[in-house]
There are 2 protein chains.
Amino acid sequence: MSIRHGLLALLERGQMYGYQLRSAFEAETGATWPLNIGQVYTTLTRLERDGLVRGLPEHDGGQRPYEITAEGRTELALWFATPIAHADRPRDELAIKLALALTTPGVDVQSVVQTQRSATMRTLQQYTRLKKDDGELPWRLVLDSLIFQAEAELRWLDHCEASLVRFVPSTSPVPTAASAEEENVHERA
Amino acid sequence: MSIRHGLLALLERGQMYGYQLRSAFEAETGATWPLNIGQVYTTLTRLERDGLVRGLPEHDGGQRPYEITAEGRTELALWFATPIAHADRPRDELAIKLALALTTPGVDVQSVVQTQRSATMRTLQQYTRLKKDDGELPWRLVLDSLIFQAEAELRWLDHCEASLVRFVPSTSPVPTAASAEEENVHERA
DNA sequence: AGTGCCATGTAAGGAGTTACATGATTCG
DNA sequence: CGAATCATGTAACTCCTTACATGGCACT
């Protein structure tokens with residue numbers, strides 16, 4: 001629902017047409033999450049259908065501006081007033097991956113962790129490099145959010161590795177691997 | 001793509017049918033992200049279409065087990081070997097919301113931040129309460145991931161508030177009150 | 001004349017959610 | 001018997017992405 005409300009928020013600053021909305025959105029968030037232009041139009045259509053937005057007659061240059069409605073303002077105010085619950089956030093693919101890696105036969109969990117850490121460290125470095133450059137406040141806060149998250153991810157990966165060494169004997173194949181294969185049955189459903 | 005690969009990983013432990021897959025998935029991740037049963041079946045259909053999985057003849061009790069194919073094993077190994085890039089993660093709705101709140105007229109950013117912080121702190125407390133209870137390793141790591149992320153979010157919110165007081169004069173139109181209120185105390189998590 | 005950007009859309013499909021329909025089995 | 005749970009599916013819909021089609025306008 002972030003795009004839907006994001007467009008509403010942009011329209012609260014005044015009338016805008018589709019192409020403008022995309023530019024504005026990407027300007028705010030520093031093009032961190034590029035917004036497909038196609039989605040802007042389909043979302044605008046849905047917003048209009050739901051009465052949150054009103055499409056205006058086509059301008060000279062072929063531009064079709066939209067304006068927010070009273071109902072749209074109410075909806076927007078509600079969005080800003082309501083905290084984002086952790087329950088309705090998307091699944092964390094990395095957490096799922098590592099959790100499953102633990103019980104999947106033939107997967108070297110340690111190497112999964114370390115591969116991910118290298119990648120995350122690289123992106124973290126790119127983020128910190130970006131920080132020095134420019135700086136509109138909104139975009140800087142978004143960037144900081146990414147940095148904080150990446151740092152947390154690194155800490156978590158370290159934490160995982162520390163937990164692992166206590167449970168997984170070693171990276172090297174255990175000689176009792178043959179007997180360990182009897183554990184191949186699926187447990188309780 | 002997390003469900004697709006998640007199901008593949010579970011099937012690597014042996015044949016399973018749809019209902020079992022959902023239980024197993026939720027057991028691993030502690031029901032943090034409940035998995036809709038309908039999606040399991042549609043995903044299995046797509047996986048079979050793509051040759052990553054093979055549907056077996058119906059069992060006596062009406063259960064239709066699936067098994068992973070060689071191609072599926074390759075795909076799964078690739079998933080585990082490839083780090084998850086920050087680029088193709090879903091948009092962070094909270095970051096977008098705050099970034100837009102800054103430039104949206106009539107929005108009290110400070111209160112948005114504080115509302116969110118209260119909510120995040122509550123869920124963090126729930127998480128830490130959960131930690132004491134049980135403990136399969138995979139689920140515990142998932143929980144730790146959630147905790148680390150929530151803590152990072154709290155730090156970021158504090159950071160946002162600190163940045164705000166320097167740029168937004170104050171909620172009240174009196175400039176002298178703002179400078180007095182600048183050192184708004186928030187001890188970090 | 002051609003390249004490239006501005007601007008609006010549509011089509012096709014993946015992923016996910018909610019809801020519904022349908023049976024079998026199990027338990028009080 | 002009735003209710004709950006197990007088990008498989010389908011339908012409708014939102015959100016999002018990728019790709020395609022189309023036209024205007026500006027610059028070289």
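All values below were derived from every heavy atom in this structure, side-chain atoms included, with hydrogens, water molecules and symmetry-related copies excluded. Here is the naming used below: chain letters follow the sequence lines, and residue numbers restart at 1 for every chain.
- Between the CG atom of A:Asp88 and the C1' atom of C:dG16 there is a distance of 14 Å, given to the nearest Å.
- Distances shorter than 4.0 Å separate none of the side-chain N or O atoms of A:Tyr17 from OP1 or OP2 on C:dT8.
- Each of A:Thr45 and B:Thr43 was assigned the nucleotide of DNA chain C with the nearest heavy atom; the assignment lying further toward the 5' end belongs to A:Thr45.
- Side-chain atoms of A:Thr43 and A:Arg46, non-hydrogen and from C-beta on, do get closer than 4.5 Å to each other.
- B:Glu153 is not listed as a side-chain neighbour of B:Leu124, based on a closest heavy-atom distance of 4.5 Å or more.
- Checked for salt-bridge contact, B:Glu67 and B:Arg54 meet the test: a charged N lies under 4.0 Å from a carboxylate O.
- As a whole-Å value, the separation of A:Leu21 CG from C:dT8 P is 9 Å.
- The CG-C1' distance, from B:Leu44 to C:dG14, rounds to 15 Å in whole Å.
- Side-chain N or O atoms of B:Gln20 include one that pairs as donor or acceptor with a backbone N or O of B:Tyr17 at under 3.5 Å.
- Going from atom CD of B:Glu26 over to atom C1' of D:dT5 covers 15 Å, rounded to whole Å.
- Across the protein-nucleic acid pair, B:Gln63 atom CD and C:dT22 atom P stand 21 Å apart, rounded to whole Å.
- Of the two residues near DNA chain D, A:Arg46 and B:Ile37, the one whose nearest nucleotide lies more 5' is B:Ile37.
- Between the OH atom of A:Tyr41 and the C1' atom of D:dA21 there is a distance of 14 Å, given to the nearest Å.
- For B:Arg91, counting side-chain heavy atoms from C-beta on, the closest listed nucleotide (D:dG9, D:dT17, C:dG9) is D:dT17.
- Nucleotides of DNA chain D nearest to A:Thr42 and B:Tyr19 differ in position, and the one nearer the 5' end is that of B:Tyr19.
- Listed nucleotides: C:dT8, D:dT8, D:dT17. Nearest to the side chain of A:Gln39: D:dT17.
- Atom CE in B:Met16 sits roughly 11 Å away from atom P in D:dT8 (whole-Å rounding).
- Residue A:Arg49 is in sugar-phosphate contact alone, with no base atom involved, counting any heavy-atom pair closer than 4.0 Å across all strands shown.
- A salt bridge between A:Arg117 and A:Glu151 is absent, with no side-chain N of the basic residue lying under 4.0 Å from a carboxylate O of the acidic one.
- Distance CH2 (B:Trp33) to P (C:dT17): 13 Å, rounded to an integer number of Å.
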